[in-house]
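The sequence lines fix the lettering, A, B, ..., with proteins before strands; numbering per chain opens at 1.
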Amino acid sequence: MLDIKLIRENPDFVKRSLEKRNENFDIDGILQLDASYRRSLQQQEQLRAQHKKMSKQMSNPSERSPELTLQMRQMGEEISALQEETSKNKSDLENLLLLLPNIPHESVPLGNDASGNIVVRTWGEPKTFAFKPLPHWELGEKLDIIDFQRGVKLSGSRFYALKGWGAHLQRALISFMLDTHVIDHGYQEIYPPFMVKKECMVGSGNLPKFGDNLYHDKEEDYWFVPTAEVPLTNFHRDEILDAECLPINYVAYTTCFRREKMAAGKDTRGIKRGHQFDKVELYKLTNPENSDKELEKLIADAEDICQRLELPYRVVQLCTGDLGFAACKTYDIELWAPGCNEWLEVSSCSNCGDFQARRANVRYRSAANARTQFVHTLNGSGVALPRVFIAILENYQQADGTVVLPEALTPYMKARQS
RNA sequence: GGAGGGAUCGCAUAGUGGUCUAGUGCGGCCGCCUGCUAAGCGGUUACCCCGAGAAAUUGGGGUCGAGGGUUCGAAUCCCUCUCCCUCCGCCA
């Protein structure tokens, strides 16, 4: 959420900034609503102050009279009418503010859509093959490690099952990534709930705008997490953190659930885009001064996973038109997949500034007597399982159809013979 | 799922319709004192919103788990919900 004071004081800056996203928003409407909210609030508070004084007077029995009582009752009615108006204005305003995306960081390149993204670096050389490399769906079936048919039998399209060492490889990757981030990168491991309350989805920015892409248990009003970013954003909701504990670095493995309504018909082949997938997520809470620096560390930690797995990749900086709703700056990591012949997004690392912290009300105090401030939050995949799985199969495939695993995984594949 | 108990300013507790501008203790912070990481003394100690101010600051309003209600007036009475604890039932 954007700071209403920023909109109030610098409406032109906000308008210009949001236009960079290639979308239009009614900032003037927000300003009008804000003005009437404050007007009704002030009226209400003035009346309330008067009412309070008279009430104090009345605490003395000798001051009481039927006339005064009557007058105060009328006043009370006026106050509650004003109160109703005020809270309606407030919630209308809030509802509009919740629909505004974050302001792009000044360092983000301008662009209307994904075509404006910039490759900032590449690592490794795409492998060359003496044979025609197969796509992972063929490899997966030949090796009998991905079962598409039974996944569909159980749950319908966009579901699959991993079998035998396919399942084992996924488990090994999860352990490998968690260990690397915990032991070598200094993150604290969290195992969060996979279902959360509505407020959490609002806090992270998934609601109210993107409910279409979420699974929801209507009976109990539980929302299934589309990423661990959601519970991690809300982990410290309504808390005031000590400055000394920042930055906080969390890593969480979760399954992620996405309806993929917006991507209907896209990427239907293979395991690239399913309704359920696993992911190891990195998350940081920092003070505002350090968030730019922490974003660079975050992307480096995610890249390290790809490097240890010796998978060639490129880092892409998203342009203003391709930024996610909550992000002010984002880098993606894309792995090269020689079988399906495309770059696969395995990580998206974003600085969200105070956008989510304001929604989730996560603050910190910089010094003992200082005012509270919102923290900055950052998130990044470290990394998404199905796509790194694809990249491993396709990059490490041999002429005979077998796959030789990267060395980094050897300690994690103890049941390899099975 | 059933029955009971509870939720107060970091922690612990007081408060059962107006004197609560929420008291007290502990902890924290600041200062003083003291020949030692003790004791003592004084002060301070929540958060949000609106207004004034360049700012330090300052005027007002709100918040006693959340939301509603009764009342001139609610931490206190009533209703609903959430969470925690105890017991019973069921269950990985």
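In this structure, a donor-acceptor pair under 3.5 Å is present between the side chains of A:H105 and A:D292. Between the side chains of A:R48 and A:Q83, at least one donor N or O sits under 3.5 Å from an acceptor N or O. Between the side chains of A:Y215 and A:H275, at least one donor N or O lies within less than 3.5 Å of an accepting N or O. Side-chain polar atoms of A:T330 and A:S350 form a donor-acceptor pair below 3.5 angstrom. Side-chain N/O atoms of A:N249 and A:K284 include a donor and acceptor closer than 3.5 Å.
A:P208 approaches A:R359 most closely through the heavy-atom pair CD-NH1, 4.4 Å. When every heavy atom of A:E281 is checked against every heavy atom of A:A228, the shortest pair comes out as CB-CB, 3.7 Å.
Between the CG atom of A:D242 and the P atom of B:C29 there is a distance of 12 Å, rounded to whole Å. The CD atom of A:E94 sits 13 Å away from the C1' atom of B:C48 (whole-angstrom rounding). Between A:N89 atom CG and B:C50 atom C1' there is a gap of 14 Å when expressed in whole angstrom units. If you measure from atom CZ of A:R358 to atom P of B:C47, you get 17 Å, rounded to the nearest angstrom.
For the contact set between residues 26-40 of chain A and RNA chain B, defined by any heavy atom under 4.0 Å, the members are A:Y37, A:R38. The stretch residues 1-14 of chain A comes close to RNA chain B through A:K5, A:R8, each having a heavy atom under 4.0 Å from the strand.
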Where do N or O atoms of nucleotides 90-92 of chain B meet protein N or O atoms at under 3.5 Å, pair by pair?
none

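Between B:C79 and B:G4, the two P atoms lie 13 Å apart (nearest whole Å). B:U58 and B:U44: their P atoms are spaced 14 Å apart (whole Å). Here the separation of B:C9 from B:A22, taken at their P atoms, is 13 Å to the nearest Å. Across B:G10 and B:C47, the matching C1' atoms stand 13 Å from one another, rounded to whole Å. B:U34 and B:U24 are spaced 29 Å apart, taking the P atom of each and rounding to whole Å. As rounded to the nearest Å, B:G65 and B:A12 have P atoms that lie 14 Å from one another.
Legend: ring-ring contact (aromatic ring centres under 6.0 Å, His included) pairs involving residues 228-270 of chain A, not counting sequence neighbours, sorted by first then second residue: A:F224-A:F257, A:F235-A:Y250, A:H236-A:Y250. Sorted by first then second residue, the ring-ring contact (aromatic ring centres under 6.0 Å, His included) pairs that include residues 321-340 of chain A, not counting sequence neighbours, are A:F210-A:F325, A:F325-A:F355, A:W336-A:W343.
With RNA chain B read from its 5' end, the first of the two nearest nucleotides for A:K197 and A:I240 is the one closest to A:I240. Toward the 5′ end of RNA chain B lies the nearest nucleotide of A:N60, the other residue of the pair A:N60 and A:Q42 mapping further downstream.
Atom-to-atom distance recorded for A:T286:OG1 and A:H376:NE2 is 6.5 Å, nearest 0.5 angstrom.
With hydrogens and angles ignored, the 3.5 Å screen pairs no side-chain donor or acceptor of A:S55 with any backbone N or O of A:H51. The main-chain N or O of A:P226 is found under 3.5 Å from a side-chain atom of A:R258 such that the two form a donor-acceptor pair.
Other residues, nucleotides and ligands place more than 12 heavy atoms under 6.0 Å from the CZ atom of A:F25.
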*asked:* Please encode protein proximity along nucleotides 52-81 of chain B as a string of B, S and -, counting only heavy-atom distances under 4.0 Å.
replied: --------BSS---------BS--------
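A sub-4.0 Å separation between OP1 or OP2 of B:C47 and a side-chain N or O of A:R371 is absent.
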_Run A:M54 and A:L68 through side chain to side chain contact (heavy atoms under 4.5 Å, CB included) and show every step you take._
CA-CA 9 Å; A:M54 291 166 78; A:L68 194 57; 3.6 Å; yes
